[in-house]
Structures are given as structure tokens and as C-alpha cells.
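This report concerns only the one structure given below.
For clarity, every value in this text was computed on a predicted model and none was experimentally measured.
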Amino acid sequence: MELEDQWWKGQLAADIYQALRYKELKLPSFKGQSPQLNLRRYFADLIAIVSNRFRLCPTARHLAVYLLDLFMDRYDVTVQQLHMVSLSCLLLASKFEEREDRVPKLETLNNLGCMSSMNLVLTKQGLLHMELLLLETFQWNLYLPTAAHFTDYYLSIAVHEGDLHDGWPMTCLEKTKLYMAKYVDYFLEVSLQDHVFLCFAPSLVAAACVAASRLILHLSPTWPPRLQRLTGYAWENLIPCTEKLLIAHDSDVKEANKQKCQQPNQHQQQGQTVYHTSAQYLNRTNAQYPQQAPQPVAAPNHLPASYLSHSTANGPQSINTQTISTSLEPKSNIPNRAFQVSMHYTCAAPCFDR
């Protein structure tokens, strides 16, 4: 852990970060003009499902969705072809971001349960043709920064021993860092599910994920000077994006509580987790929270509401979306969720217990 902290504080990490920020300025524009834009969330979920099945890194998943967004923005593609495009984007992104031995193989992909449910069989020739088309579309440039490329750098100072929780000193810095990382990962997944986040620079989305996580965890000041210096974003710059993340979070909390209330014998359970609506804190710029009795803070043991968990009336009619979800994660005990991002989260944040 000490060596990892030293790495992020080193000049090499700073140089990589500056290179990403410079590259960010030259990203292709997204116009949101695809005729299939209403299906975008469905295919983003499909990429997430396959990505999590092969345990690909977040940068590969985010790059794959970004490639899909750019491709859909330029071409009118049929729904059947979009399945091939989505998987080809994931393969290209994994080849760019992952080790060679972690890139999904053709045979393994075809053996996935979701492939049969989509009546889709990938061929080597078909994938090569699609990958070449994608590479030509992007002029063979896959060096496209996403929000996932910035979060690790920001997380290196996202939590400091001088931060306060509800006006009180933290009892365990390492556990607080752990929950911060989990919340940032959750908000990153939220940002994948709506093309509106493409209106913001990837580095700003990453900074907003950190800011939203600090709000949820009741850490103060909300946006300390060290984060403003590192990211280059003032609190006022982050409010529009952070607000969208928190609205999605509150919607997920309501959905999670609704499902929780529907479970049998729920009234017999003790120690209910208290969920906080976070949008109310947005206008409290760098405010110190008043000292009050500590309250449990919910870890993100729920997932962003997924397109795949909804009725297929708004998606491809020929696809059994429930089969896509269950065939890859047959042991999942979370109903109506397309992919498990937070399966390791617990219900409460023990780092704040006193």
C-alpha cells in the first residue's frame, strides 16, 4: 500500500495524468444523433455483463462503451448488427487496455448463455471485419480517455486523515478509503448508463464521482483544496454533473428500499440502515457538517437501475433480457439487476461505527 501511494505521488503518474488531460481536449464530439439512441443503455448493459463475466478492468469497459457511443453516433445500424458492434468494441477495448491473456476468446464468447438467447454466433471473419471497420472509423486511434482513466489518480488523495465525518474525526482511515473507492466505482457505473454524461469532460465526470462519494459518506469539507488543485475543478464546476449522479443514486436507493420492503418477514428485521438523500448537500460548498450523533451510512449494495431490468417493450423485441442477466450470473440473489458491480458491498459502513 505504501509503494502504491508513492507511485501516485510520483512524477510519472503526474505526467500520465497531464497526457490524458491533453488528449481529452481532442476527443471526438458526441452529437447524440443515432437513430438507435433509445437502445444505447441496453447495449451498454450488455457490454457491462460480458465485461464483468470476464473480469475486465473498468477502463476497458468504459472505453468499449465510449467506442460504441461514437460508432452509433456516426452510423445507422440495425439492432442485430449492434450486438456484433458492441462485442467488437469490447474486444478492441480489452486488447488495448488488458493483458493479452485476459482478452476474451472467440470460443468462450460463443459459449456464453446470452449468445444463444440473442441467436448470435460470432465468427472469426465477422469479428475481424467489424474490428477493421471500427478501427477505420476511429482512424486507428483507441487512445481515448474516459472517466475510468482518471479515478485512480483522484482516489490517491480523495480521503485524508484531516477529513471529518459528520463533524467528527474518522475512526479508521483505511476503511474510509475502501468505501470511498467502492462508491466511486458505483458512480462510474451510473455514468455509463446515460449518454448525458458525454456532455462533460471525462476528467470532470471522474471528479464528480469523487465529490458525490464524499457527499454520500458525509465527509467534510465537501471539496477540499487539495482535490481542487489536483483536478483543476472548483466545486461550482462539478455541481451539474454531481447533481445528475446523486439523482440517479437517490433513485436507486428508493428502488432498493422498495425491493427490501417486498421481502417476506421484513418487519421482523432489526437495525434498519438509514439512507440519506444527498442532493440537499449540493449547495453547501465545502461546508463543515454540524456535529451530530453518528448515523450509519449505506454502502452501495445496490446497483444502478439497468435498462435490462425493465420490460423489453422499449428494447429489442426478439431478446429475452432476463435470460441475458441470469445466464451469466446464475447465482446472483439480486433480482432484476443486469450486472453485479457491488456484490462485495455490505449494508453499512463499519468504518463509521463508534
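The shortest non-hydrogen separation linking Leu20 to His149 is CD1-O, 3.8 Å. Annotation for Ala206 and Phe150: closest pair CB-CB, 3.7 Å, computed over non-hydrogen atoms. Taking all atoms of both residues into account, the shortest heavy-atom contact from Leu238 to Ala208 is CD2-N, 4.1 Å. Contact detail for Asp73 and Gly32: the closest heavy-atom pair is OD1-N, 2.9 Å. Cys209 and Ser213 make their closest contact through O-OG, 2.7 Å (heavy atoms, listed as atom of the first residue, atom of the second, distance). Among all heavy-atom pairs drawn from Ala93 and Ala60, the shortest one is CB-O, 3.3 Å.
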Test Val65 against Arg40 for side chain to side chain contact (heavy atoms under 4.5 Å, CB included), laying out the working first. CA-CA 9 Å; Val65 175; Arg40 183 260 182 199; 3.5 Å; yes
Should Met170 and Val159 be marked as a side chain to side chain contact (heavy atoms under 4.5 Å, CB included) after you check the CA-CA gap, both sets of side-chain angles, and the distance that decides it? CA-CA 10 Å; Met170 292 179 293; Val159 179; 3.9 Å; yes
Leu82 and Gln36: side chain to side chain contact (heavy atoms under 4.5 Å, CB included), yes or no, with the steps? CA-CA 9 Å; Leu82 277 175; Gln36 290 81 23; 3.9 Å; yes
Can you list the steps and then say if Trp140 with Leu132 is a side chain to side chain contact (heavy atoms under 4.5 Å, CB included)? CA-CA 9 Å; Trp140 293 77; Leu132 283 174; 3.9 Å; yes
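Side chain of Arg214 to main chain of Ala158: a donor-acceptor pair is present (N/O by atom type, distance under 3.5 Å, no hydrogens or angles). The closest donor-acceptor contact from the side chain of Ser88 to the backbone of Met84 lies under 3.5 Å. In terms of modelled atom types and a separation under 3.5 Å, the side chain of Lys105 and the main chain of Val103 share a donor-acceptor contact. A donor-acceptor pair is defined here as one N or O able to donate and one able to accept, closer than 3.5 Å; no such pair exists between the side chain of Arg61 and the backbone of Ala48. Listed for the Glu131 side chain is no donor-acceptor partner under 3.5 Å among the backbone atoms of Leu92. In this structure, Asn237 contributes its side chain and Ala234 its backbone to a donor-acceptor pair below 3.5 Å.
Taking CG of Leu90 as the reference point, atom CZ of Phe43 lies at 14.0 Å (rounded to 0.5 Å). Taken from CD in Gln33 to CE in Met72, the straight-line distance is 11.5 Å, to the nearest 0.5 Å. Glu98 contributes atom CD, which lies 12.0 Å from atom CZ of Phe54 (distance to the nearest 0.5 angstrom). Note that OG1 of Thr146 and CG of Leu188 are 8.0 Å apart. Values are rounded to the nearest 0.5 Å. The distance from atom CG of Leu219 to atom NE2 of His160, rounded to the nearest 0.5 Å, is 13.0 Å. Between the CG atom of Leu68 and the NE2 atom of His195 there is a distance of 13.0 Å, given to the nearest 0.5 Å.
Under a hydrophobic-cluster definition in which Ile, Leu, Val, Met, Phe, Trp and Tyr are linked whenever side-chain heavy atoms come within less than 4.5 Å, directly or via other members, Leu134 and Val79 are assigned to the same cluster. No continuous path of hydrophobic side-chain contacts links Leu87 to Leu128 [ILVMFWY only; heavy atoms under 4.5 Å]. A continuous path of ILVMFWY side-chain contacts below 4.5 Å connects Leu192 to Phe30, so both sit in one hydrophobic cluster. Taken together through direct or relayed side-chain contacts under 4.5 Å among Ile, Leu, Val, Met, Phe, Trp and Tyr, Leu25 and Tyr153 form parts of separate hydrophobic clusters. Put simply, Leu144 and Phe96 are part of the same group of oily side chains (I, L, V, M, F, W, Y) that touch within less than 4.5 Å, one to the next.
A heavy-atom distance below 4.5 Å is found between the side chains of Leu227 and Ile157. Annotation: side chain of Tyr186 is in contact with side chain of His249 (closest heavy-atom distance under 4.5 Å). The shortest side-chain heavy-atom distance between Glu161 and Pro169 does not fall under the 4.5 Å cut-off. Residues Tyr66 and Leu198 meet the side-chain proximity criterion, which asks for heavy atoms closer than 4.5 Å. When side chains are defined from C-beta on, Pro104 does not count as touching Val50, because their heavy atoms never get closer than 4.5 Å. Taking 4.5 Å as the limit, some side-chain heavy atom of Val77 sits within range of a side-chain heavy atom of Phe71. Using a 4.5 Å heavy-atom threshold, the side chains of Thr231 and Ser203 count as separate. Looking at Tyr233 and Gln228, their side chains never come closer than 4.5 Å, going by heavy atoms from C-beta outward.
No side-chain donor-acceptor contact under 3.5 Å links His62 and Glu97. Side-chain polar atoms of Tyr22 and Tyr17 form no donor-acceptor pair below 3.5 angstrom. If you check the side chains of Glu189 and Gln193, you find no donor sitting under 3.5 Å from an acceptor. Under 3.5 Å, the side chains of His83 and Ser86 contain no donor-acceptor pair of N or O atoms.
With respect to the salt-bridge test (charged N to carboxylate O, under 4.0 angstrom), the residues Arg226 and Asp163 qualify. Salt bridge present: Arg21 and Glu24 bring a charged side-chain N and a carboxylate O closer than 4.0 Å.
Judged as a side-chain contact (heavy atoms from CB on, under 4.5 Å), and not counting sequence neighbours, the contacts of Arg55 are Arg102.
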